[in-house]
**Q** 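Questions regarding the structure given below will be posed in turn.
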Amino acid sequence: MRFVMLRALFSLEPTKWRTVKSLDGLTDYNIAKFFADNYLIHDTDLDYTILQPTVMTDKPGTGKITVDEGKFGYNSAEDVARTLADILKYQNTSHKIIKMREGDTPIDDALSRV
């Protein structure tokens with residue numbers, strides 16, 4: 001069984017909470033997510049994947065993303081939903097934290113290379 005969780009970008013990186021514009025003012029939220037994510041990673045035996053998209057928009061999805069070190073960007077909610085579902089097709093995404101933003105790589109190709 002897989003546990004796939006949607007989180008905010010940088011939920012495990014407290015040093016970025018005050019420096020990334022979209023996270024400013026969400027300190028209490030980030031603290032809660034930090035402890036929840038750490039518990040999942042270090043104190044459970046769950047087969048997890050954590051998806052951390054950048055800012056979500058209502059724009060139509062393109063079916064293409066970038067999986068990277070977490071540069072600022074945007075994601076359509078449609079592409080985030082599709083990526084969440086498609087993560088289940090790839091065992092290589094297990095026990096990983098995936099940072100995503102809109103890009104030029106088809107979702108399946110991006111996930112197959114994580």
**Q** Restricting to pairs with a member in residues 90-99, which pass salt bridge (Lys or Arg N to Asp or Glu O under 4.0 Å), not counting sequence neighbours?
**A**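 Those involving residues 90-99 are E13-K99.
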**Q** Working to the nearest 0.5 Å, report the span between CG of L51 and CD1 of I65.
**A**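 If we round to the nearest 0.5 Å, L51:CG and I65:CD1 are 7.5 Å apart.
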**Q** To the nearest 0.5 Å, how far apart are CG in L88 and OG in S94?
**A**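 Spacing of CG (L88) from OG (S94) equals 10.5 Å.
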**Q** If you measure from CE on M56 to CD on E78, what distance do you get to the nearest 0.5 Å?
**A**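 Result: 13.0 Å between the selected atoms.
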**Q** Show every ring pair (Phe, Tyr, Trp, His ring centres under 6.0 Å) that has at least one partner inside residues 74-114, sequence neighbours left out.
**A**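 Residue pairs passing ring pair (Phe, Tyr, Trp, His ring centres under 6.0 Å), neighbours aside: Y48-H95, F72-Y74.
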**Q** Indicate yes or no: at least one non-hydrogen side-chain atom of I41 is less than 4.5 angstrom from one of I50.
**A**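 They are in contact (side-chain heavy atoms under 4.5 Å apart), so the answer is yes.
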**Q** Sort and list the pairs that fulfil salt bridge (Lys or Arg N to Asp or Glu O under 4.0 Å) and have at least one residue in residues 58-68, not counting sequence neighbours.
**A**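 Found K59-E102, D68-R101.
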**Q** For T15, check side chain to side chain contact (heavy atoms under 4.5 Å, CB included) against everything at least two apart and list the hits.
**A**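 Partners of T15 by the side chain to side chain contact (heavy atoms under 4.5 Å, CB included) criterion come out as none, since no residue qualifies.
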**Q** Just to verify, what does D79 make a side-chain hydrogen bond (donor to acceptor under 3.5 Å, both in side chains) with, not counting sequence neighbours?
**A**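 Here the qualifying residues are T62, S76.
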**Q** Only pairs at least two apart or in different chains count here, so list each salt bridge (Lys or Arg N to Asp or Glu O under 4.0 Å) that has a residue in residues 81-94.
**A**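 Those involving residues 81-94 are R82-D86, D86-K89, K89-D108.
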**Q** Which pairs pass salt bridge (Lys or Arg N to Asp or Glu O under 4.0 Å) with one or both residues in residues 44-54, sequence neighbours excluded?
**A**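 Listed once each, the pairs are R2-D47.
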**Q** Quick check for you: to the nearest 0.5 Å, what is the distance between L12 atom CG and I97 atom CD1?
**A**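 Between L12 CG and I97 CD1, I get 4.5 Å after rounding to 0.5 Å.
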**Q** Roughly how far apart are L9 CG and M100 CE, rounded to 0.5 Å?
**A**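 Reported value, rounded in 0.5 Å steps: 11.0 Å.
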**Q** By salt bridge (Lys or Arg N to Asp or Glu O under 4.0 Å), which residues pair with D109, not counting sequence neighbours?
**A**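 With neighbours one apart ignored, the set is empty.
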**Q** If you compare all heavy atoms of N92 against all heavy atoms of S112, which two are closest, and at what distance to 0.1 Å?
**A**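 Shortest heavy-atom contact: ND2-O, 3.3 Å.
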**Q** Could you go through the side chain to side chain contact (heavy atoms under 4.5 Å, CB included) check for T105 and V67 one step at a time?
**A** CA-CA 9 Å; T105 306; V67 176; over 6 Å; no
**Q** May I ask you to test the I31-P14 pair for a side-chain heavy-atom distance under 4.5 Å?
**A**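 Contact flag for I31/P14 side chains = no.
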**Q** Where the side chain of S11 meets the backbone of K33, is there a donor-acceptor pair that is under 3.5 Å apart?
**A**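 No: the side chain of S11 does not pair with the backbone of K33.
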